[in-house]
Amino acid sequence: MSYRGPRGTYDVFPGGREPYERAELWTFVEARAREVMARHNYSEIRTPIFEEIELFARTAGEASDIVVQKEMFSFRDKGEREMALRPEGTPGAVRAYIEHNLYKLAQPIKLFYVGPMFRQERQQRGRYRQHTQIGVEVLGTSDPLVDAEVISLLYSIHQAVGVEDEVVYLNNIGDMETRSIYAPELRAYLQKHVGELDSDSVARMDTNPLRTFDSKHENTQAVLAGAPRISAYLSREAADHVATVREGLDALGVPHEMDEGLVRGFDYYTMTVFEAKSGALGAQDTVGAGGRYNGLISDLGGPDVGGIGFGSGVERMLLAAASQEARVSLDVFFVTLAPEARILAMKLAGALREEGISADLDYGGRGMRAQFKQADRTGASYAVILGEDELARSDCTVRDMASGEELAVPVADGAKDLIRTVAR
RNA sequence: GUGGCCGUAGCUCAGUAGGUAGAGCAUCGGAUUGUGGCUCCGAAGGUCGCGGGUUCGAGUCCCGUCGGUCACCCCA
């Protein structure tokens with residue numbers, strides 16, 4: 001074996017074993033997701049898959065692991081600029097929003113994107129170095145009902161593609177000010193229990209104490225069970241915000257659960273954070289997640305308006321969806337039994353295709369049995385036989401592959417009769 | 001980046017106390033010289049991930065390396 005795909009990547013091809021390797025499923029998921037987006041009046045945005053590294057560093061936060069642990073695929077271009085392949089979709093979308101003055105248009109702007117994201121991490125089930133996210137950003141408003149719409153949109157897409165055993169978790173982590181009061185309190189509490197925490201949490205306690213809630217260690221979680229709750233520190237405004245989000249979710253019929261331990265990896269989140277998990281996945285059980293980011297747009301040089309978005313992993317959606325049998329089927333397969341018949345088959349196939357009827361033929365010069373086997377495997381509805389007998393009579397034999405019934409159809413004056421016979 | 005497990009035919013795997021490789025499925029051909037899904041017969045297909053070492057001899061033992069996988073970290 002000389003060449004392999006890069007570590008942590010995969011190919012999409014006919015006959016792929018894993019659901020995310022199967023081309024038909026990608027076509028299916030993207031089409032369904034686009035339908036749902038369109039019904040919610042979202043427009044597509046396409047931004048580059050690389051940006052200045054600074055943009056990602058600013059948005060993710062200096063303390064985030066994407067930056068600290070060097071999880072970005074970065075490179076220097078020929079002009080000595082530090083660039084990086086995008087680890088997430090929000091920064092590029094927000095940058096474009098500001099760069100093209102989209103805040104001057106009627107607000108909010110409702111955007112969606114589909115595309116590859118990159119993170120230099122060790123691969124495991126549901127986590128790849130290049131993965132694809134379907135994401136959404138609503139920019140220019142802080143209306144809590146928008147939060148509800150965005151969460152419901154995430155849920156609807158998952159429903160549309162068949163994600164199983166899903167639960168949507170919701171939390172409100174307040175604004176920056178609330179957190180600046182809460183964080184020291186939490187830190188002080190954790191300090192008292194330092195001996196019971198795992199080493200990762202101890203390290204994180206100082207830089208970003210909220211993140212200790214993400215820990216999977218039992219002891220740490222036991223300590224956190226007695227920790228001060230952020231809900232007790234929320235301002236009146238923040239408390240109202242969550243309440244309205246929940247009302248909106250109820251109105252839209254989106255089942256959800258509050259989870260006070262839900263914090264997210266990006267520092268820019270404010271107020272609403274949410275996560276959709278599926279029990280059908282392994283350790284990487286988050287199918288899609290997101291949150292509100294009210295300070296981010298102004299931080300990047302735009303107006304002081306709110307925004308909210310989510311990213312949902314297509315690979316994880318496919319893994320969490322019931323095995324879809326998206327069989328590609330063919331209308332007509334030509335079986336040719338004489339060399340001269342092959343040209344006629346091509347001509348007829350061309351005519352059928354122009355009428356929107358799918359057609360294929362044998363290119364291997366193989367025996368009849370092999371050709372019928374292929375007609376069967378491709379799921380063809382009809383096999384059209386062109387042999388010496390047919391050539392002599394200027395007709396073709398149309399075989400219904402399901403019933404086995406056969407019919408002679410004239411082809412002397414073109415494919416007209418064949419089209420009529422085979423069209424449904 | 002850390003750790004466990006694993007790398008033998010296209011796929012799933014077997015390979016017994018070290019004696020230079022097998023099965024099932026898939027593919028191709030035939031039984032059926034004009035007919036698929038079932039059955040039967042046959043063929044093709046492998047530098048046993050790669051590199052070293054031990055040995056008369058290594059798929060099998062040892063070391064290294066690369067890759068895969070799952071988990072941690074983190075995250076979609």
Side-chain angles (χ1 to χ4, degrees), chain A residues 1-10 15-18 20 60 64-72 86-90 114-135 154 157-158 163 198-201 203-204 208 211 214-217 263-266 275-278 281-290 309-320 333 335-338 341 364 366-380 382-391 397-406:
Chain A
M1 171 84 57
S2 45
Y3 291 104
R4 297 175 200 254
R7 184 165 223 180
T9 64
Y10 57 89
R17 279 190 122 52
E18 297 288 354
Y20 55 80
S64 84
D65 295 85
I66 287 186
V67 176
V68 177
Q69 309 284 350
K70 307 255 189 298
E71 285 172 5
M72 269 194 276
R86 62 183 183 194
E88 50 150 343
T90 303
V114 180
M117 304 296 163
F118 305 83
R119 276 173 219 167
Q120 193 152 176
E121 302 175 292
R122 186 89 148 234
Q123 158 171 15
Q124 75 186 73
R125 189 154 194 83
R127 188 176 69 189
Y128 310 93
R129 290 188 163 190
Q130 173 175 338
H131 72 280
T132 305
Q133 284 186 31
I134 292 177
L154 174 64
I157 291 171
H158 291 172
V163 170
D198 63 280
S199 55
D200 285 318
S201 295
R204 201 174 283 150
N208 196 344
R211 296 303 306 288
D214 277 338
S215 174
K216 288 180 181 173
H217 288 80
V263 292
R264 303 280 318 145
F266 299 127
E275 207 164 75
K277 293 189 180 221
S278 167
L281 296 177
Q284 307 302 321
D285 59 356
T286 300
V287 186
F310 69 71
S312 188
V314 177
E315 295 81 1
R316 290 185 185 177
M317 286 189 242
L318 290 172
L319 286 169
F333 189 90
V335 173
T336 54
L337 303 174
R366 292 181 299 174
M368 181 179 50
R369 175 188 163 81
Q371 293 189 52
F372 269 99
K373 273 188 103 166
Q374 184 163 356
D376 190 44
R377 271 193 311 243
T378 54
Y382 298 97
V384 173
I385 305 144
L386 291 167
E388 312 222 331
D389 298 350
E390 285 83 359
L391 289 177
T397 302
V398 177
R399 179 184 175 87
D400 182 318
M401 291 298 280
S403 68
E405 281 172 40
E406 298 192 350

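Protein chains get the first letters and strands the later ones, always in sequence-line order, with residue 1 at the start of each.
One atom, NE2 of A:His217, and another, C1' of B:rC73, lie 10 Å apart when rounded to the nearest Å. In this entry the distance linking CD of A:Gln374 with P of B:rG37 reads 14 Å, nearest Å. Atom NZ in A:Lys373 sits about 8 Å away from atom P in B:rA26, given to the nearest Å. Rounding to whole angstrom units, CG of residue A:Asp285 and C1' of B:rA71 are separated by 13 Å.
Across all strands shown, B:rC25 forms a Watson-Crick or G-U wobble pair with B:rG10, both key distances being under 3.5 Å.
Below the 3.5 angstrom threshold, one finds a donor paired with an acceptor across the side chain of A:Arg127 and the base of B:rC73. A donor-acceptor contact under 3.5 Å is formed by the side chain of A:Gln124 with the base of B:rC73. Taking only distance into account, the side chain of A:Arg122 never meets the base of B:rC75 through a donor-acceptor pair shorter than 3.5 Å. A donor N or O paired with an acceptor N or O is found under 3.5 Å between the base of B:rG34 and the side-chain atoms of A:Glu390. The base of B:rG36 is paired with the side chain of A:Arg399 by a donor and an acceptor separated by under 3.5 Å.
Closest contact between the side chain of A:Arg125 and the listed nucleotides B:rC72, B:rC28, B:rC70 involves B:rC70. Of the listed nucleotides (B:rA71, B:rU35, B:rG68), B:rA71 has the atom at the smallest distance from the side chain of A:Ala283. Picking from B:rC73, B:rG67, B:rC75 the nucleotide with the shortest atom distance to the side chain of A:Asp200 gives B:rC73. The side chain of A:Gln123 has B:rU69 as its nearest neighbour among B:rU69, B:rU27, B:rA76. Side-chain proximity of A:Arg316 to the nucleotides B:rU69, B:rG36, B:rC75 is greatest for B:rC75. Minimum atom distance to the side chain of A:His131 is reached by B:rA76, of the listed B:rG34, B:rA76, B:rG36. Counting only heavy atoms from C-beta on, A:Ile385 has its side chain closest to B:rG34 among B:rG34, B:rA76, B:rC75. Checked against B:rU39, B:rU12, B:rA76, the side chain of A:Arg119 finds its nearest nucleotide in B:rA76. Listed candidates were B:rC73, B:rC75, B:rG36. Nearest to the side chain of A:Lys216 is B:rC73.
Distance check on atom C1': B:rG37 versus B:rA43 gives 23 Å, rounded to whole Å. Of the P atoms belonging to B:rC6 and B:rC13, the separation is 13 Å, rounded to the nearest Å.
When atom types are taken as modelled, the side chain of A:Arg86 and the backbone of A:Pro116 share a donor-acceptor pair closer than 3.5 angstrom. Judged by distance alone, with hydrogens and angles left aside, the side-chain atoms of A:Gln371 form a donor-acceptor pair with the main-chain N or O of A:Thr336 at under 3.5 Å. The backbone N or O of A:Ala380 lies less than 3.5 Å from no partner atom in the side chain of A:Tyr382, so there is not a single donor-acceptor pair.
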Requested in this report: Test A:Thr9 against A:Phe118 for side-chain contact (heavy atoms from CB on, under 4.5 Å), laying out the working first.
Outcome: CA-CA 10 Å; A:Thr9 64; A:Phe118 305 83; over 6 Å; no

Report task. Please report the C-alpha distance between A:His158 and A:Ser312 in whole Å, then the side-chain angles of each, then the deciding distance to 0.1 Å, and finally whether the side-chain hydrogen bond (donor to acceptor under 3.5 Å, both in side chains) criterion is met. Result -> CA-CA 9 Å; A:His158 291 172; A:Ser312 188; 2.7 Å; yes

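Relative ring orientation between A:Tyr10 and A:Tyr20 is described as perpendicular, the plane-to-plane angle rising above 60° on a 0-90° scale split at 30° and 60°.
Contact annotation: A:Gln371 side-chain N/O to B:rG36 OP1/OP2 distance is not under 4.0 Å.
Along RNA chain B, the nucleotide nearest to A:Gln133 and the one nearest to A:Ala402 differ in position, and the one closer to the 5' end is contacted by A:Ala402. Take the nearest nucleotide of RNA chain B for A:Ala276 and for A:Thr397: the residue whose nucleotide is more 5' is A:Thr397.
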